Amino acid sequence: MMMSFRTAPPLPLIFLLVIHNVFSKNGLGVNYRDSHICALKNSSVIMSCTYTYPTRYKIKKVFWTKNPVHGEEPPDLSDDPEYTQRLQYLGDEQNSCTIRLSHVTQKDEHMYCFRFITDKRGEKWLGVPGVSLTVTDLQVESPETVTEGHNVRLTCKSSCTLTNEATFIWYRNSQPLTERRDRNNQLLLQSVRREDAGRYSCGVQGHTYISPAVQLDVTYPPKNVRVSISPSGEIVEGDSVTLICSSDSNPPAEINWCKQGMIVGSGRNYSISNISSNHSGEYKCKSRNKHGEKYSDAVTLNIMYAPRNVSVFINGSGEIVEGDSVTLICSSDSNPPAEIIWFQENQSSSVGSGQSFSALQSGRFYCEAHNQHGSQRSDAVTVTVHGRKFLYAVGGVTGGLGVLIFIFIIVLLMRKKQRPTHTTQKQDYLYANVSAHNGSLSESDATNQNDALYSLITLSNFSHNQTEEKASDSEDTEEVQYVTVLYHRNNEMNQPEENESQYDNIRKYQTDAARRSTDQMVEDQSVIYSAVK
C-alpha cells in the first residue's frame with residue numbers, strides 16, 4: 001500500500017536537522033538531512049530526507065513510522081488518528097521523502113523513520129536511526145520584584161536551542177513591546193518605572209505560541225496620597241462620616257490619620273459616628289512603606305450645628321437716664337452663624353435684630369439666635385430708665401456727702417496739727433457767749449482803733465465732773481473747749497477814740513480744778529476762738 005501524497009504551503013518557520021546517510025549493499029538507503037530537531041511547541045516541523053534504490057526497482061509503498069521495534073513490522077504513521085490531520089507527506093516516489101508535522105507538542109517527542117518497499121521480493125528498507133524530535137516551550141526568567149529606578153533584565157528561555165533564525169518577541173500584559181530590547185532572547189529595562197510593572201511573556205516571530213506570563217513587581221514609595229469624605233456634602237452634628245485615604249504605593253502602605261498634628265486613628269478608612277463640633281478641624285492621612293512616606297493634603301471637617309450658649313450682657317450699667325440708651329450684646333455659638341432677634345418680655349413682636357440692641361426704655365430684654373439647624377433664646381436682662389429729676393437728686397445727695405466727708409477730714413487734720421506734744425499742766429478755758437460791741441467809728445478814727453471791745457462774755461466749764469476725773473489720770477489729757485464770740489462795731493460815728501478795751505456784763509464760771517490750774521499756769525496758754533461773728 002502506497003502512502004498518499006499531499007502538497008501544502010510552506011510554514012513561516014521550519015526546523016531542520018541533518019541525519020547521517022543509511023545505505024545497504026544493494027543500493028537501498030535513506031538520507032536524513034537533520035538527525036535532531038528542536039521544535040517550538042505548537043509549531044510545524046519539517047523532516048527532510050531522501051532515499052535511493054536501484055533503477056530497476058519500482059517503489060510499491062513509502063511511509064513514516066515512529067519508534068520502530070527490531071523484528072516487528074513498523075506501522076504506518078498516517079494511519080494513527082493522532083497524526084492523520086497533522087502529518088503531511090511532501091516527497092515523491094522518486095527520491096524525496098520529506099514530511100511536515102504541525103502543531104507539535106511534548107507528546108510528539110519520538111524517533112521518526114522513513115520506510116519504503118520495492119517490487120522485488122524482500123527488497124524493502126527502514127531508515128534507522130531516524131530523526132529525533134524534541135518539542136520545547138518558552139519560559140520567562142525574571143526577578144519577582146525590582147525597585148523603581150533600578151535596571152532589570154528578562155530572559156526568554158527554552159529547553160533546547162532553537163535555530164538562530166528565530167526572532168523573539170516580548171509582550172507586557174499581552175501587548176507586544178517594540179522597544180528596549182537587548183540581545184535576541186533578552187529584554188533590558190533601564191531605570192524601571194512603576195508603569196513597567198506587569199505580566200511579561202515572550203514568543204517567536206511567525207508563531208502563535210506565547211510563553212506563560214511572569215509578573216514583574218515594581219516597588220516604590222507612596223504617591224498620589226489623597227483624602228475623600230463620605231458622604232460628601234454638608235455635615236450636620238449627629239451624622240456619621242468616613243474619611244477615606246487613597247494612595248499609590250508598592251508594597252501597600254500603612255495608613256495613619258492626623259488631626260492638627262496629633263495621630264487620631266489608623267487604617268485606610270477613619271469613621272466618626274455621631275459627629276459633633278469637637279470633631280471640626282483639618283485632617284490628613286500619612287501613607288508609609290519601607291521605601292518612604294507621604295502626607296495627603298489636609299481636608300477640613302466643617303460641622304454644622306444649631307445655636308447654643310446664647311446669652312446677653314450689658315455694655316455698661318443697666319440703669320440709664322431718660323433720653324439715653326444702653327447697648328445689649330447677644331453672643332451665641334453656632335455654625336453657620338445665627339441670625340439674632342431681640343424681644344421684650346410680655347411682648348409678642350420683636351423689638352430689634354442684629355448682634356447688638358440699644359434699649360431706650362425700662363424692661364426685661366432677651367435675644368433669640370436661630371439658623372437652619374435650630375434656635376435657642378437667652379435669659380432676660382433688666383434695663384431701668386430714670387427721669388432727669390431723680391438724677392439731680394441723686395447728684396445733690398452724692399455731692400453733699402462728698403463735701404461733708406471732705407470737711408470732716410480737714411477738721412481731723414487741723415486738730416492733729418494744733419494738739420500739743422508735751423503737756424505739763426492741764427488747763428480748762430471755757431469761753432461762751434462772748435459779744436463785742438464797738439461803737440461805730442468815723443472814717444478818720446477807724447484807722448486808730450486797735451482795741452477790741454468785748455461785752456457779754458460768758459466763760460463756762462461744760463464738763464466739770466469729767467475734768468476733775470481726767471485731771472488725775474494723765475498729764476497729757478486735754479479737754480476740748482467750745483467758744484462763741486459775738487463781735488459788734490459801735491454805730492456811733494462821733495464817739496471819741498478810745499484806747500482801752502471796754503468790758504461789761506462779764507460772767508465767769510470756773511470749776512475748782514480750773515481755778516487751781518489757773519493759779520499754776522506760768523506759760524503756754526492758748527485761747528481758742530471759733531465761730532466769730
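Because the structure is predicted, anything quoted here is derived from the model rather than measured. Computed from heavy atoms alone, side chains included, the values below leave out hydrogens, waters and symmetry copies.
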Separation between [atom1] of [X] and [atom2] of [Y], rounded to the nearest 0.5 Å:
| X | Y | atom1 | atom2 | result |
| --- | --- | --- | --- | --- |
| Leu189 | His150 | CG | NE2 | 14.0 Å |
| Asp196 | Asp217 | CG | CG | 12.0 Å |
| Lys284 | Ser296 | NZ | OG | 7.5 Å |
| Asn42 | Thr208 | CG | OG1 | 6.0 Å |
| Leu133 | Ile37 | CG | CD1 | 6.5 Å |
| Ile341 | Glu368 | CD1 | CD | 6.5 Å |

Non-hydrogen side-chain atoms of [X] and [Y] separated by less than 4.5 Å:
| X | Y | value |
| --- | --- | --- |
| Tyr51 | Phe114 | yes |
| Met111 | Cys113 | yes |
| Glu123 | Tyr53 | no |
| Gln186 | Leu188 | no |
| Pro336 | Met304 | yes |
| Asn250 | Arg194 | no |
| Tyr295 | Cys258 | yes |
| Thr118 | Ile59 | yes |

Side-chain donor-acceptor contact under 3.5 Å, [X] with [Y]:
| X | Y | answer |
| --- | --- | --- |
| Asp76 | Ser78 | yes |
| Ser325 | Ser358 | no |
| Arg308 | Gln376 | no |
| His291 | Thr219 | yes |
| Ser48 | Thr98 | yes |

Heavy-atom closest pair, residues [X] and [Y]:
| X | Y | answer |
| --- | --- | --- |
| Ile314 | Thr382 | CD1-O, 3.9 Å |
| Pro222 | Ser249 | CA-CB, 3.5 Å |
| Leu126 | Pro68 | CD2-CB, 3.7 Å |
| Ser211 | Gln139 | CB-N, 4.2 Å |
| Pro212 | Val140 | O-CG2, 4.2 Å |
| Ala380 | Glu345 | CB-OE2, 3.3 Å |

Check against disulfide (SG to SG under 2.5 Å), Cys202 and Cys156: CA-CA 6 Å; Cys202 65; Cys156 186; 1.9 Å; yes
Would the number of heavy atoms belonging to other residues, nucleotides or ligands and lying under 6.0 Å from [atom1] of [X] be above 12?
| X | atom1 | answer |
| --- | --- | --- |
| Glu144 | CD | no |
| Arg288 | CZ | no |
| Asp119 | CG | yes |

Main-chain N/O of [Y] paired with [X] side-chain donor or acceptor, under 3.5 Å:
| X | Y | value |
| --- | --- | --- |
| Asn173 | Gln175 | no |
| Tyr32 | Gly127 | yes |
| Glu282 | Ala298 | no |
| Gln205 | Ile169 | no |
| Asn315 | Thr327 | no |
| Thr155 | Glu141 | no |
| Thr65 | Pro75 | yes |
| Thr136 | Ser159 | yes |
| Asn371 | Tyr305 | yes |
| Trp257 | Gly267 | yes |

According to side-chain contact (heavy atoms from CB on, under 4.5 Å), who are the partners of Ala197, at least two apart in sequence or on a separate chain? Val218
Evaluation steps, side-chain contact (heavy atoms from CB on, under 4.5 Å), between Asp297 and Val227: CA-CA 7 Å; Asp297 292 334; Val227 174; over 6 Å; no
For Val45 and Val131, run side-chain contact (heavy atoms from CB on, under 4.5 Å): C-alpha distance rounded to whole Å, both residues' side-chain angles, the deciding distance at 0.1 Å, then the answer. CA-CA 11 Å; Val45 177; Val131 178; over 6 Å; no
Any disulfide bond (SG atoms under 2.5 Å apart) involving residues 330-371? Give me the pairs, sequence neighbours left out, ordered by first then second residue. Cys330-Cys367
May I ask you to decide if the ring planes of [X] and [Y] are parallel, tilted or perpendicular, using 30° and 60° as cut-offs?
| X | Y | answer |
| --- | --- | --- |
| Phe357 | Trp342 | parallel |
| Phe343 | Tyr366 | parallel |
| His110 | Tyr112 | perpendicular |

Considering only NZ, NE, NH1 and NH2 on the basic side and carboxylate oxygens on the acidic side, decide whether Asp248 and Lys223 come within less than 4.0 Å. no
Is it true that Arg172 and Glu195 have a side-chain N and a carboxylate O under 4.0 angstrom from each other? no
Quick one, Asp108 with Arg86, criterion side-chain contact (heavy atoms from CB on, under 4.5 Å). Give me CA distance, side-chain angles, the key distance, then yes/no. CA-CA 11 Å; Asp108 295 325; Arg86 299 187 296 126; 2.8 Å; yes
Pair Leu77-Phe63, side-chain contact (heavy atoms from CB on, under 4.5 Å): steps then yes or no: CA-CA 7 Å; Leu77 199 59; Phe63 62 92; over 6 Å; no
